[in-house]
Amino acid sequence: MRDVRRSLCAATGAFALLVGALAVPATAGAGTKAVAGGTTEYLVLLEAGADHAQALAAVKAAGGVVVKENTNLGTMTVRAAASGFVSRVAASPAVQGAARSRPIGKLPKARSGVVEKEHLTAVAKGKGTRTAKATAGSTADPLDAKLWGLKMVRADLSHEVQPGKRAVKVGILDSGIDARNPDIAPNFDWKLSRNFAPDLPEVDGPCEFRGCVDPVGWDDSGHGTHVAGTVGAALNGFGLSGVAPNVSLVEIRGGQDSGFLFLGPVSDALTYAGDAGLDVVNMSFYVDPWLYNCLNNPADSPEAQAEQRTIIATMKRALNYAHDKGVTLVGSLGNNHEDLGKPRTDTSSPDFGDVPPYPRPIDNATCIDLPVEGPHVIGVSALGPSGKKADYSNYGLEQIDVSAPGGWFRDYFGTPNYRTNENLILSTYPVNRLQVDGLVDAAGAITPAGVTAGVQKQCPAGVTDYTQCGYYNWLQGTSMASPHVAGVAALIVSEYGKKGSHHSFGMAPDKVRKILLDSAQSRACPTPRLQTYLNEGRSEEFNALCEGGREFNGFYGHGIADAYAAVTRY
């Protein structure tokens with residue numbers, strides 16, 4: 001049993017420099033201007049046990065200016081020139097490597113959301129939708145009737161046995177959380193929530209808040225709020241409920257408004273998760289700019305190779321740190337419809353910077369998708385409401401652990417339910433994002449486009465200010481599958497966790513993992529094993545071969561996550 005719950009004071013000890021630097025201009029010390037370092041931000045990884053003064057001298061000699069440090073992880077965030085810094089600083093024996101953490105000075109195109117919002121494009125082409133009447137049961141919220149995913153993982157049953165404990169804290173490492181939503185507000189932990197990813201105008205567009213730091217409880221993307229609702233929307237007779245509706249939701253924002261998640265904020269957030277005593281962290285993303293980080297891919301330049309080696313080492317260090325501090329790590333397998341043990345040529349990387357994407361043959365032995373292929377991460381594939389592997393979902397014996405509902409717009413081919421919104425996952429969503437997407441108007445009313453897209457709105461009795469209402473949206477993806485599993489993990493900690501010293505409460509992540517996998521609903525490969533999606537309008541590239549037996553295979557892993565079994569069998 002871990003010594004899990006640290007006090008906030010303890011969590012801010014070695015981490016104080018990192019947190020305090022988030023909202024201030026980059027400076028290395030009194031009288032040093034940030035521009036002296038250059039226009040690009042790097043993460044420098046120190047060798048284990050390196051001399052700190054020697055590392056600082058190496059950064060300075062290479063033309064860098066230190067912005068902040070994560071002393072627990074052994075990293076420095078540095079501003080330096082756009083080229084040459086990586087090779088110069090890595091020449092020091094005190095430095096393991098360096099990687100561009102975030103681009104400064106250039107606006108990349110936003111991270112694509114084609115998979116997750118496929119239904120919007122289809123609706124624009126005239127595809128129909130079906131509706132389901134929301135009904136409230138004795139233990140359900142009004143919109144729970146639309147949550148087929150909740151039933152697939154049997155969370156509707158587990159709610160009556162173990163709805164989660166407030167002492168259990170789930171970190172949402174994502175784009176933020178809209179704490180205004182009446183389904184999020186009861187469970188949102190304001191004290192522990194942090195933003196590690198200030199807005200970058202060059203990446204995210206004009207800043208909405210002074211200092212370009214969004215306050216905690218705010219989300220301009222929508223992705224993080226959707227994930228948070230699936231994990232732990234409150235079971236309060238309003239809106240909808242999450243898998244673990246009584247646990248605490250902690251925003252550890254590592255993502256930009258534009259959808260990118262860069263190395264520095266992600267590694268900082270994981271370090272904080274360990275120091276702050278979080279029990280579970282959900283990671284529905286991959287770390288930009290590389291879909292796969294390779295040790296020595298001949299298609300990459302020497303500098304790009306060095307950067308990727310640094311990303312791999314830094315992420316492994318961060319994931320190990322969080323795990324060793326008692327955090328159960330859950331991640332999405334990705335939406336690239338490929339066997340992660342037999343990856344295709346990567347044509348999407350790098351997805352920002354001066355170098356456009358180029359074909360990169362991927363060697364499985366030396367290339368990994370992070371964070372899901374990193375240490376201790378529970379990898380989750382996505383299923384449609386029929387229980388079939390969603391066409392977009394990654395899979396494969398090498399990395400999968402469990403499967404969960406992620407939504408599949410094209411499920412139920414040949415029936416009236418084919419290409420309908422209700423095949424996706426409904427969850428909480430920020431109204432400000434819906435307004436940007438044209439699904440809600442300036443007065444908070446759902447637009448005709450929003451009605452067609454299935455957007456839902458519920459307001460508490462007597463509320464006239466639309467910003468205090470709950471808004472809900474449909475998305476699909478392994479990003480939606482992972483939080484179902486994170487919610488089950490939180491229920492496991494709630495049911496079997498133990499009290500420790502200093503009012504702590506928690507459970508060793510390896511024990512959480514064992515119960516999660518052992519309690520999953522076994523599911524055999526389909527017959528035939530080669531699943532084709534030609535009827536659904538996909539190319540042969542989407543064809544997927546399911547390998548393995550009923551107890552473990554490449555589509556379902558150890559099975560479909562089962563909340564009810566997880567909290568009642570042990």
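Residues take their numbers from the sequence shown, with the count starting at 1.
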Closest non-hydrogen atom pair, [X] against [Y]:
| X | Y | result |
| --- | --- | --- |
| P357 | P350 | CG-O, 3.4 Å |
| V168 | V247 | O-CB, 3.6 Å |
| N553 | C546 | OD1-SG, 3.7 Å |
| L370 | N293 | CD1-ND2, 4.0 Å |

Partner residues of [X] under the side chain to side chain donor-acceptor pair (under 3.5 Å) criterion, sequence neighbours left out:
| X | value |
| --- | --- |
| S87 | none |
| D178 | R180 |
| N394 | none |

What side chain to side chain donor-acceptor pair (under 3.5 Å) pairs are there with at least one residue in residues 210-219, not counting sequence neighbours?
S175-D219, D214-R253, W218-D220, D219-T225
Would [X] and [Y] count as having a side-chain donor-acceptor pair, cut-off 3.5 Å?
| X | Y | answer |
| --- | --- | --- |
| S284 | N282 | yes |
| T366 | D363 | yes |
| N320 | H376 | yes |
| H223 | S479 | yes |

Could you give all pairs that pass the salt bridge (charged side-chain N to carboxylate O under 4.0 Å, His left out) test and reach residues 308-322, with sequence neighbours left out?
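Applying salt bridge (charged side-chain N to carboxylate O under 4.0 Å, His left out) to every pair that reaches into residues 308-322, excluding sequence neighbours, yields nothing.
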Qualifying residues under salt bridge (charged side-chain N to carboxylate O under 4.0 Å, His left out), relative to [X], sequence neighbours excluded:
| X | answer |
| --- | --- |
| R88 | none |
| D369 | none |
| R344 | E541 |

Considering only heavy atoms from C-beta outward, does the side chain of L329 approach that of L270 to under 4.5 Å?
yes
Min side-chain heavy-atom separation D518-L516 under 4.5 Å
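In short, these two side chains do not touch, never coming nearer than 4.5 Å.
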Between Y395 and Y556, does the ring centroid distance fall short of 6.0 Å?
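No: the rings miss the under 6.0 Å criterion.
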Ring centre gap for W290 and Y292 strictly below 6.0 Å:
no
Results of side chain to side chain contact (heavy atoms under 4.5 Å, CB included) for [X] - residues two or more places apart only:
| X | result |
| --- | --- |
| A98 | V44, F85, V86, V89 |
| A61 | none |
| E398 | N364, E373 |
| Y321 | N72, L73, T271, D275, K325 |

Residues R100, E307: salt bridge by 4.0 Å N-O rule
yes
Aromatic rings F188 and W190: how do their planes relate, parallel, tilted or perpendicular, breaks at 30° and 60°?
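Geometry flag for W190 against F188: perpendicular rings.
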Please assess Y392 against N336 for the test side-chain hydrogen bond (donor to acceptor under 3.5 Å, both in side chains), listing each intermediate value before the final yes or no.
CA-CA 6 Å; Y392 58 78; N336 206 39; over 6 Å; no
Look only at the side chain of K389 and the backbone of F555, and say whether a donor-acceptor pair between them is shorter than 3.5 Å.
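The answer is no, because no donor-acceptor pair under 3.5 Å joins these two groups.
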